[in-house]
Amino acid sequence: MPRLNATQRHRVRLTVNGRQVEADAEPRMLLTDFLRHELGLTGTHVGCEHGVCGACTIDIDGVPARACLTLAVQADGGTIRTVESLAPEPGRLSILQQAFRRHHALQCGFCTAGILMSLDCYLRDRPEPTEAELREFLGGHLCRCTGYTPILKAALEAATMLHKKRPEEQLHA
Amino acid sequence: MKPARFDYVRAEHLAEVHDVLAENGNDARVIAGGQTLLPMLSMRLARPKVVVDIMHLPQLQTIDADKGTIRIGAGVRQAQLLGWPLLSDRQPLLAAALPWVGHAQTRNRGTICGSLAHADPSAEIPLVLVALGGTIELSSRRGRRRIAADIFFTGMMSTARSEDELIEAAILPARPTGSGYAFQEFGRRHGDFAIAACAAVATDKGTRLAVAGVADRATMHDFAALDGSALDDALDAFAWDLDARDDLHATARYRRELVRRMGRAVIEEARRCRA
């Protein structure tokens with residue numbers, strides 16, 4: 001039974017955005033801090049740090065979840081995607097990100113990384129969501145700038161565009 | 001907003017969980033999905049010396065349906081149960097209430113038994129267990145026991161679990177034929193803590209109403225075959241007995257009114273479903 005001592009740092013190995021990475025963490029280190037401070041992936045934002053705001057939402061083992069409600073040591077061996085994985089190449093945005101830009105679905109941008117990761121996962125599983133389903137799903141995120149309407153429009157438009165594409169081209173094309 | 005230091009144990013056998021709990025008592029906390037424990041740790045409302053992770057134990061990850069019961073292991077995540085194809089057929093009340101538990105993003109990691117362990121007075125899963133007469137299975141070095149949900153919850157975030165015990169499973173009765181169910185919740189926003197939530201179960205013996213978010217724990221009452229103004233009077237008496245308190249979100253009076261109205265609505269809906 002592995003027992004990780006509280007005062008020491010322990011090796012954590014993960015697949016992040018398709019790359020094998022490893023770094024050290026105390027048992028108490030949150031996955032948000034591990035991504036930002038140990039791996040330098042500062043796209044994942046830290047908002048409320050108790051699971052309410054959704055800014056830190058990332059893809060953990062294929063589903064959207066709160067990085068701030070996960071210990072780095074819990075995620076050991078897992079597969080993670082963060083907002084840094086969305087753009088297909090530097091200077092090019094994903095279909096979902098382009099829709100956010102067109103609809104002004106962000107202003108300050110603090111909540112955006114979390115919302116993008118939630119929607120990116122959601123639209124893979126539910127290519128034709130209704131507006132009501134999206135509203136309920138977006139209830140897991142707080143945005144204090146936009147009033148949500150542009151976010152909803154961007155998500156619906158991205159869903160339609162992605163659905164028209166061939167499956168192998170989805171999301172990251 | 002960072003947790004205090006703790007040792008982290010990744011249990012590979014059930015006995016190791018029991019050992020950690022027996023040796024550390026109240027200084028140990030079990031972590032499953034972590035969706036309620038992590039906020040407690042980050043706000044330092046809990047400062048355990050050791051946290052034991054039970055998510056690497058395959059025997060806790062099962063949903064077993066047989067002989068009229070559904071047994072949900074401690075490692076079963078809320079999203080996993082929601083995705084169980086038999087859920088709405090075997091236990092429609094749970095199927096109706098689960099989408100109200102947190103958000104999709106927290107249900108992906110949060111567990112059924114974790115919500116029972118946390119025992120928030122407004123939580124939906126304890127409410128469903130109390131409404132259905134479910135049981136909680138506890139295990140420790142000393143052995144195993146089952147305890148009825150309505151006596152398991154002893155007050156605000158407190159339960160009858162001894163400090164060396166693991167909540168190993170939640171056990172619910174499957175839907176008996178000819179029974180009706182209904183669930184309603186009122187909150188400021190979907191996914192917020194319920195200001196009040198009501199669950200009703202109608203059988204040939206009568207109708208049971210359970211309420212969360214009002215008293216210090218989920219509370220139930222059996223309403224024989226009452227109807228009309230007699231049912232209103234009984235609901236009114238029940239609402240007063242819940243000893244509602246004022247808080248930031250709603251006054252006691254407001255909560256009593258929710259119990260009267262939503263209570264009546266779910267009782268009537270459950271009876272219609274039965275018919």
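In what follows, chains are A, B, ... by sequence order, proteins preceding strands, each numbered from 1.
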Self-check item: Option that, when pairs with chain A are counted at under 4.5 Å, heavy atom only, ranks first among B:His56, B:Met1, B:Glu12, B:His13
Solution: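 Answer, by heavy-atom pair count under 4.5 Å with chain A: B:Met1.
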Quick test of your reading of the model: are [X] and [Y] salt-bridged, counting only N-O distances below 4.0 Å?
| X | Y | value |
| --- | --- | --- |
| B:Asp247 | B:Arg255 | yes |
| B:Arg141 | B:Asp164 | no |
| A:Arg9 | A:Glu38 | yes |
| B:Arg10 | B:Glu16 | no |

Quiz item: Pick from A:Arg28, A:Glu26, A:His10: which one has the most heavy-atom pairs with chain B under 4.5 Å?
Solution: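 Most pairs with chain B among the choices: A:Arg28.
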Practice problem: Heavy atoms only, distances under 4.5 angstrom: which of A:Pro27, A:Gly114, A:Pro2, A:Gly139 has the most pairs with chain B? Name it, please. | Solution: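 That would be A:Pro2.
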Please state whether the side chain, the backbone, both or neither of [X] comes within less than 4.5 Å of a heavy atom of chain A.
| X | result |
| --- | --- |
| B:Ile31 | side chain |
| B:Arg189 | side chain |
| B:Val52 | neither |
| B:Met55 | neither |
| B:Ala4 | backbone |

Exercise. Could you look at A:Glu49 and say if it's the side chain, the backbone, both or neither that has a heavy atom under 4.5 Å from chain B?
Key: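 For A:Glu49, heavy atoms of backbone and side chain both lie under 4.5 Å from chain B.
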Practice problem: Side chain from CB out, backbone as N, CA, C, O: work out which of these in A:Gln8 comes under 4.5 Å of a heavy atom of chain B, or both, or neither. | Solution: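 Looking at A:Gln8, nothing touches chain B.
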Practice problem: Could you tell me how the ring of A:Tyr122 sits relative to the ring of A:Phe137: parallel (under 30°), tilted (30 to 60°) or perpendicular (over 60°)? | Solution: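 Correct class here is parallel.
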Self-check item: A:Arg36 side chain to A:Thr44 backbone, donor-acceptor under 3.5 Å
Solution: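 Present.
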Quiz item: Side chains of B:Gln105 and A:Thr57: donor-acceptor distance under 3.5 Å anywhere?
Solution: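 No - no donor-acceptor pair under 3.5 Å links their side chains.
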